[in-house]
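Notes to accompany the following structure.
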Amino acid sequence: MEKFVYTRLPNAPEEHLSEKEKMDMEFGPLSSKDYLYEVSYDPNQPLNPAVDEPPYFVVIFTYLNYLILIIIGHLKDFFGKRFMPQHFEAVLPKNGYPPWYSAFESFYPRRLKKRLDDCFARPIYGVPGRFVRCFDRISPDYNETFLYSGELKPLLNLSSYNYLGFAQSIGSCTDAAVKSVEEYGTSSCGPRNQIGTCNLHKETEALVARFVGKDDAVMFSMGFGTNANLFTSLVNSKCLVISDSLNHSSIRFGIRLAGAAVKVFPHNDMEKLEQILRESISQGQSKTHRPWKKIVVCVEGLYSMEGNLADLPALVALREKYKFYLFVDEAHSIGALGKSGRGVCDYFGISPSKVDMLMGTFTKSFGAAGGYVAANQEIIDRLRLDISTNVYGESMPPAVVTQISTSLRIIMGEINGDEGKQRLQRIAFNSRYLRLGLKRLGFIIYGVDDSPVVPLLLYAPPKMPAFSRMMYERGVAVVVVGYPATELISSRVRLCVSASLTKEDIDRILTICDDIGDKLYLKFSSGISGGEKHPGDYKKGVPPRWSLKEVLERTPEDCKKPTY
Amino acid sequence: MSVVTTTLIQNTNGAPEAVIAYISKVVKLWEQFIRGVEKVPGGSLVLNYIRASHKNDPWRTLLEVLLALVAIRYFFASKYSQDEKEKVHLSEREVQELIDDWEPEPFAPPLRKEERWELDAIPMVKGAAGNRVALEDPKTGNIIPNLLNMASRDFLNMGLNENVKQRAIKTIRECGVGACNPMNFYGTQDVHVRLGEDLARFLGAEEGIIYGQDYCTSTSVLPCFLKRGDIVIVDGGVSVALQKAALISRCHIEWFNHNDLDHLEEILESLQEDLREGPLNRRFIVTEALSENFGDSPDLKRLVEIKNKYKFRLYLDETYSIGTLGSNGRGLPEVYGIPRSEIEITVGSLAHAFGSSGGFCVGCRDMAYYQVLSSNAYVFSAALPPYSASAASAVISMLEEAEEPGKVNRYVKPLQDNTKLLYSLLKQSRKLQQVVSVRSAEYSPVLILRLAPALRKKLNLPESYGGPGSDVLKAIKNGHEEGYFSRDYNRENYLLQKMIDELIGRGVLVTRSKRVLHHELLPVVPTLLINVNAGFTEEDIRHAYECIEDTLSTTLSGLDADGLNQLVQQLEETNNIL
Ligand SMILES: Cc1ncc(COP(=O)(O)O)c(C=O)c1O
């Protein structure tokens, strides 16, 4: 306790790591060629894997948990506002000014999220690579404030969207980025259409277009901002956007800003989508029944909370039939999916020409920042002049552009030999290994086999901080997500696999998860979504509960077989 | 009613076995249900409550049941009937025919022939963009070297500063380039925390929070604190970012004439009655410290008095004023000697005078904390690259170290001196007075020139484009994309571009507003923008002035409507070929 003396975040302590040690901390060395896997899409694999239902009592207890938390929260609010108004200044009127935010709209964050605030926004130092180093901290007052010891705690990193492991401070990308700062400086000087376009932008946009298989692409300095400002240039109130129910908030924000009519279809439900399409086209706009000017269907390539893929084959077939425009947000799938990392089209073997607009971000697989939109020349020409970010907002700074172009060239195999290919094969193996291992241990895991996002279901809300803290103590960084990012009952921990992890790291993670899973009572899968010991176990009612030893022995081999 | 009940009872008395058996079954099921409810945690509490209230007041139970039924009906009705009623009934074959017949408009309207020049007019910088810059001609690949860069918004010339670069490189060597994670999930690096503290300290606020892009900051901050039912009064000349921020908040919006505080007071006065009687909703005044479109500032002292008098909060956008106004670049409040605490929310850009990238917001702790929880672009987006945070911190510490009481900061002074010099030169030029008017104020580092009103008349150009009541706004309302294009607007911009091209030939790069009509809610006037930089010498400024004066007056003084037609003929001819 005594060592937590700093009330504000101290500076990071001096480091004494050799170059090699530092490198290994950021990107683990491959221990054997056996731990590589080349992705191939199996058309028989279900795209919406059967969702395992937790036992009845788990559901009841989860609701009960919420009930108690809500009752206690309201009691605290009720008495607190009366007896300790100094702690409620933000939600109470003061001197004739209304509160900053109402007690009602902030009830959830104040009364539920605050309890696990120590699991969020842990400040870090250095590269969020294979390991991430967190400033050790405790809270003396239930997460109101934090105290720091000044020490860093290295944690195995399952939290970053560092899919291909390009978050590095040593290597070709970093060298190129440093050179870029030396040469071009830190500022982008202004909007793209005024002064913010330099030769780097032009070259990299051409590279991105070539990578995703479109005529041209345009880049923006923020992924969220890409979606948020894209739709006002494409659709208006006489257009219809049909959006997947789990689409990212940036897409919903963009559509709202554009003022288009919106319909939502249940996540990945292609039948319902077709039904909506038939009805919308035949009925036309509401009230006037005039035909819609355009219909755009928005989906994500890889859903970051579910680990599911968009059903691209079905979407493309529907697109042929109904002439809508297909928009795919590849924020998580670009780089991380497909034999050559080119996203969902690559994964399914579908020509990118079948998708009207490919959007993606550079924050994830490329270790950079920003987003892009790729489409036909005609569309991109218009967007360059029309998208508000290009006209009014800052452009992408030079070092970020360089990081993108260098990492892209590595993935495409244009530099550094087969480094790119190996990264792709490492993430493919790691994803399958971790997923199958966890399933065999008996956890409920969502998503498709090849997805690098591995959501592990916790259900009861108190298990979120418990899981996160126990992982933290054992040296693993994870992200827990609950309501409102997920459904009320399906709180989960989202494990993001990275190419920077080694097979041994995953062994360690499985070992720790096995231990915590027993302690927190998390193993209640029925086997419906895989992990059976003997084929047909699920039908017989035998749930998968392999011993850790068996999992570690057999899974690295088994996970490479297409049937798993 | 009593008649019905009695008959029912009589009937039951004489009912055959089957009915009695049926009723007892129903009663049993009911009992089971009640027992089931009791078992559900909390269920017995509910039952007891119902029993007790029923015993005290049976009518209440009836009333509550009725209310519940109405609520259920309402709930289902609102969901379906409206749509269902409006629906046209179609056979399967008719539906298929409609689907086959439907032809959508193009995803994005293709560029017209006469707009294509805009695409070619985007300057492509070759190499670094400091206060000198080289451009590459995208068609020929020719390089035009060593232009005076009067288009950059890196006002303090910090982007290529050695100190700033070294801090950025150090961070890249420690943290890599991207943050890879949102701020709330292991995306907060120590350098982000430091920058938040630096901003708060430098500007005199409690807390600072950082965004990944300046343009997204306002559209994300404002909706946090304004929802349906709240009120915002917005300056009628604000930038698109603020217009959209107000719009997406879906609150009640009032506009006051640009920087006209009398008008603001009038509006506040007229709202008084409603405000006093209505609920205590949230109320904001939104304006820019240095206007993007007009280059002038409001009277902050009076503005603060007004907002305090009416108990409104002030949202001040300092995108252009941070680093450029005030003796130490602390923005408009420093000019007026007003403490930052008087301004509830301040937003600004790290990409302008701070020579980095990203946006920020400073204010009190409660306000910042709520953004961490619920601001879209903060919660759902990756953190700013750590090296950009370091670069901005480096600039702030340089500004702070150079601070001397009673003196203008040595990093800011050259900018302010250059601005004043160029302003007075342009303003006093006799040649220019006939053809352009300087719209910006003498302290604005962005000099904003418009065609003079007399010239506009001579050229048959409208006073402004877009805005309330305009054709463009009508086209937006009808979703008519063809109508987004304005021929006159295109021609006027082309005229400005001709002068920019000419100036490039003379070694000076200036720029112009490239506003997109259909994004703007407010009227637009095309302007030439001349950005001053701290890195220019007096000679640079005088040289630029001479070139500008000469180019503008040669092109514009003798120009009449026919001349303009001839100049832009080329545009329309390409159209004829079409
Ligand atoms: C699907 C999707 N789109 C867009 C974004 C925003 O990207 P960025 O973090 O680069 O702003 C995200 C990030 O979480 C995302 O998941």
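Only this structure's heavy atoms are used, side chains among them; waters, hydrogens and symmetry mates stay out. Proteins come first, then strands; the chains are lettered A, B, ... in the order of their sequence lines, and each starts at number 1. None of these values were measured; they are calculated from a predicted model.
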Contact part of A:Asn376 toward chain B, heavy-atom cut-off under 4.5 Å: side chain, backbone, both or neither? neither
Please state whether the side chain, the backbone, both or neither of B:Asn149 comes within less than 4.5 Å of a heavy atom of chain A. side chain
Using non-hydrogen atoms only, which part of A:Val481 is less than 4.5 Å away from chain B: side chain, backbone, both, or neither? side chain
Which answer fits A:His248, side chain, backbone, both or neither, if we ask what part of it has an atom under 4.5 Å from a heavy atom of chain B? side chain
Minimum side-chain heavy-atom gap A:Gln194-B:Leu529 below 4.5 Å: yes
Chain A contact via B:Leu517 - which portion, at a heavy-atom distance below 4.5 Å: neither
Quick one: what part of B:Ala377 sits under 4.5 Å from any heavy atom of chain A, side chain, backbone, both or neither? both
A:Arg110 versus chain B, the contacting section by heavy-atom distance below 4.5 Å: neither
At a 4.5 Å cut-off on heavy atoms, which part of B:Asn533 comes close to chain A: side chain, backbone, both, or neither? neither
Proximal component of A:Ile380, with respect to chain B [non-hydrogen, under 4.5 Å]: neither
So which of A:Cys496, A:Gly393, A:Gly223, A:Cys189 has the biggest tally of heavy-atom pairs under 4.5 Å with chain B? A:Cys189
For side chain to side chain donor-acceptor pair (under 3.5 Å), just list the numbers for B:Gln213 and A:Ser221, CA-CA rounded to whole Å, side-chain angles, deciding distance to a tenth of an Å, and then say yes or no. CA-CA 7 Å; B:Gln213 188 185 56; A:Ser221 74; 3.0 Å; yes
Bottom line for A:Arg290: the part with an atom under 4.5 Å from chain B's heavy atoms is neither
Among B:Arg313, B:Arg282, B:Arg250, find the one that has a salt bridge (charged side-chain N to carboxylate O under 4.0 Å, His left out) with B:Asp230. B:Arg282
With a 4.5 angstrom heavy-atom cut-off, which part of B:Ile248 approaches chain A: side chain, backbone, both or neither? both
Minimum heavy-atom separation for B:Ile476 and A:Ser237, please, with both atom names. O-OG, 4.2 Å
Give a yes or no on whether A:Lys114 atom NZ has more than 12 heavy-atom contacts from other residues, nucleotides or ligands under 6.0 Å away. yes
Exceeds 12 heavy-atom contacts within 6.0 angstrom, atom OH of A:Tyr97: yes
Considering only heavy atoms and a distance below 4.5 Å, find which of A:Phe120, A:Phe324, A:Phe224, A:Trp100 pairs most often with chain B. A:Trp100
If I measure from the heavy atoms of chain B, does A:Glu279 come under 4.5 Å with its side chain, its backbone, both, or neither? side chain
Within a 6.0 Å radius of atom NZ on A:Lys179, are there more than 12 heavy atoms belonging to other residues, nucleotides or ligands? no
Structural part of A:Asn229 lying under 4.5 Å from a heavy atom of chain B: side chain
Can you find a side-chain donor-acceptor pair between A:Ser169 and B:Arg173 that sits under 3.5 Å? no
At a 4.5 Å cut-off on heavy atoms, which part of B:Pro123 comes close to chain A: side chain, backbone, both, or neither? both
Proximity breakdown for B:Tyr369 and chain A, heavy-atom pairs closer than 4.5 Å: side chain
Measuring heavy-atom distances to chain B, does A:Tyr108 have an atom under 4.5 Å in its side chain, in its backbone, in both, or in neither? neither
Heavy-atom distance under 4.5 Å to chain A: side chain of B:Leu111, backbone, both or neither? both
Atom CD of residue position A:Gln283 - does it have more than 12 heavy atoms of other residues, nucleotides or ligands inside 6.0 Å? yes
Would you say the side chains of B:Ser357 and A:Ser188 form a donor-acceptor pair under 3.5 Å? no
Any side-chain donor paired with an acceptor under 3.5 Å for B:Ser152 and B:Asn531? no
When the 4.5 angstrom heavy-atom criterion is applied to A:Lys113 and chain B, the contacting part is side chain
Considering only heavy atoms, which portion of B:Lys227 lies under 4.5 Å from any heavy atom of chain A: side chain, backbone, both, or neither? side chain
Between B:Pro109 and chain A, which part of the residue has a heavy atom less than 4.5 Å away: side chain, backbone, both or neither? both
Okay, A:Gln168 and chain B: the region with an atom under 4.5 Å from a heavy atom over there is backbone
With sequence neighbours excluded, what pairs up with A:Tyr101 under the ring-ring contact (aromatic ring centres under 6.0 Å, His included) test? B:Tyr370
Which heavy atom in A:Ala177 sits nearest to a heavy atom in A:Thr402, and how many Å separate them? N-CG2, 4.1 Å
Quick check on B:Arg512 against chain A: is it the side chain, the backbone, both or neither that has a heavy atom closer than 4.5 Å? backbone
Point-to-point distance, once rounded to the nearest 0.5 Å, from CG of A:Asn227 to CZ of A:Phe253: 11.0 Å
Search all heavy atoms of A:Glu394 against all heavy atoms of B:Asp214 and return the closest pair with its distance. OE2-N, 2.9 Å
Do you know which of A:Asp117, A:Asn236, A:Asn95 has the most heavy-atom pairs under 4.5 Å to chain B? A:Asn236
For B:Glu162, is it the side chain, the backbone, both, or neither that has a heavy atom closer than 4.5 Å to a heavy atom of chain A? neither
Okay, A:Asn199 and chain B: the region with an atom under 4.5 Å from a heavy atom over there is both
Can you tell me which portion of B:Tyr387 sits under 4.5 Å from chain A's heavy atoms? Options are side chain, backbone, both or neither. side chain
If one checks every heavy atom of B:Ala179 against chain A at 4.5 Å, the contacting part turns out to be backbone
Evaluate the criterion salt bridge (Lys or Arg N to Asp or Glu O under 4.0 Å) for residue pair A:Lys323 and B:Glu103; output intermediate values, then yes/no. CA-CA 8 Å; A:Lys323 295 176 277 195; B:Glu103 275 305 327; 3.7 Å; yes
In terms of heavy-atom pairs under 4.5 Å with chain B, which of A:Pro109, A:Pro291, A:Ser159, A:Pro128 leads? A:Ser159
From the list A:Lys294, A:Lys238, A:Lys293, salt bridge (charged side-chain N to carboxylate O under 4.0 Å, His left out) with B:Glu481 holds only for A:Lys294
